[in-house]
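Count residues from 1 along the sequence.
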Amino acid sequence: MGNSKEIKGDGVQDFYELMKVRDKQELAAIVSCNEKTERFGLVLSEEKAGELVQARNTSLKKHRRVEFGKGILEELIFAFCDSEYISQDRYAETLMQLQEIFYEFKNESGDKLTDDELITFMREQFDSVCEGDLDYLAGTCLTIFSSAVRAGYRGYEKTGGHNEFEKFDEVKRWDKDLYLEVLRELCWS
């Protein structure tokens, strides 16, 4: 039959009480992040923090994941708070999307990436190739990278997730020096 057991009587109530306590602790932890993020012009109200906790619970359920201990949201907040592409007016929504993307690609990578490796990769691409575009981050960068990870690529283990996308980027981008060289050839030859 398996190892699962039915929770009877007060066990169900105890479980829900534990979840409420955990959510309150997570809410307090998220609000306390304001001490660091306010210097970047980013602050979450208690209401927005509560929405983030609720979004986390929904995302965990959707992606069939479980978190033990503190959630990933604090790490995402601290990793992204100094990005030039995050503004106060979309701060909570951006965090919700980043959280959703994180859980999705933990699954897509077959849980082969550590939380730190995935967050490092996400932040690096968000600020560079994606220029703050979350759809491009999820739909292109992370899709390509997680596919490589599932196929057996392990180079990210040595780099901690740094400078990985260039190895898989299918879009050839302009290089400033190359651009100037071509311009010189075209204009001054």
Exercise. Would the number of heavy atoms belonging to other residues, nucleotides or ligands and lying under 6.0 Å from CZ of R154 be above 12?
Worked result: yes
Problem set entry | Exceeds 12 heavy-atom contacts within 6.0 angstrom, atom CD of E74 | yes
Problem set entry | Test log, rule side chain to side chain contact (heavy atoms under 4.5 Å, CB included), inputs C141 and V129 | CA-CA 8 Å; C141 298; V129 175; 4.1 Å; yes
Mark yes or no for whether [X], through its side chain, and [Y], through its backbone, hold a donor-acceptor pair below 3.5 Å.
{"X": "S147", "Y": "T143", "value": "no"}
{"X": "S59", "Y": "R56", "value": "no"}
{"X": "Q88", "Y": "V43", "value": "yes"}
{"X": "N34", "Y": "V31", "value": "yes"}
{"X": "S83", "Y": "F80", "value": "no"}
{"X": "S146", "Y": "F105", "value": "no"}
{"X": "R150", "Y": "S109", "value": "no"}

For this session: Apply side chain to side chain contact (heavy atoms under 4.5 Å, CB included) to I77 and L42, showing your working.
Result: CA-CA 10 Å; I77 289 170; L42 303 172; over 6 Å; no
For this session: Decide whether D89 and S87 meet the rule of one side-chain donor and one side-chain acceptor closer than 3.5 Å.
Result: yes
Give, for atom [atom1] of [X] and atom [atom2] of [Y], the distance between the pair rounded to the nearest 0.5 Å.
{"X": "L134", "Y": "I101", "atom1": "CG", "atom2": "CD1", "value": "4.5 Å"}
{"X": "K62", "Y": "N107", "atom1": "NZ", "atom2": "CG", "value": "10.5 Å"}
{"X": "Y136", "Y": "E131", "atom1": "OH", "atom2": "CD", "value": "10.0 Å"}
{"X": "I86", "Y": "Y91", "atom1": "CD1", "atom2": "OH", "value": "7.5 Å"}
{"X": "R123", "Y": "S128", "atom1": "CZ", "atom2": "OG", "value": "10.0 Å"}
{"X": "I30", "Y": "E51", "atom1": "CD1", "atom2": "CD", "value": "11.5 Å"}

Sub-4.5 Å side-chain heavy-atom contact between [X] and [Y]:
{"X": "D133", "Y": "F126", "value": "no"}
{"X": "E108", "Y": "V149", "value": "no"}
{"X": "V53", "Y": "L73", "value": "no"}
{"X": "Q54", "Y": "M96", "value": "no"}
{"X": "L142", "Y": "L118", "value": "yes"}
{"X": "Q99", "Y": "L95", "value": "no"}

Using 4.0 Å as the upper bound for N to carboxylate O, is an ion pair formed by [Y] and [X]?
{"X": "E117", "Y": "K112", "value": "no"}
{"X": "K36", "Y": "D82", "value": "no"}
{"X": "E93", "Y": "K48", "value": "yes"}

For this session: Mind running side-chain hydrogen bond (donor to acceptor under 3.5 Å, both in side chains) on H63 and E104 for me, showing each step along the way?
Result: CA-CA 6 Å; H63 294 290; E104 177 181 352; 5.2 Å; no
Where do [X] and [Y] come nearest, in terms of heavy atoms and distance?
{"X": "L27", "Y": "G50", "value": "CD1-N, 3.3 Å"}
{"X": "C33", "Y": "F78", "value": "SG-CZ, 3.6 Å"}
{"X": "L98", "Y": "M122", "value": "O-CE, 3.6 Å"}

For this session: Establish, yes or no, whether a centroid distance under 6.0 Å links the rings of Y156 and F121.
Result: no
For this session: Please test I119 against I72 for side chain to side chain contact (heavy atoms under 4.5 Å, CB included), starting from the C-alpha separation and ending with a verdict.
Result: CA-CA 10 Å; I119 291 171; I72 198 66; 3.8 Å; yes
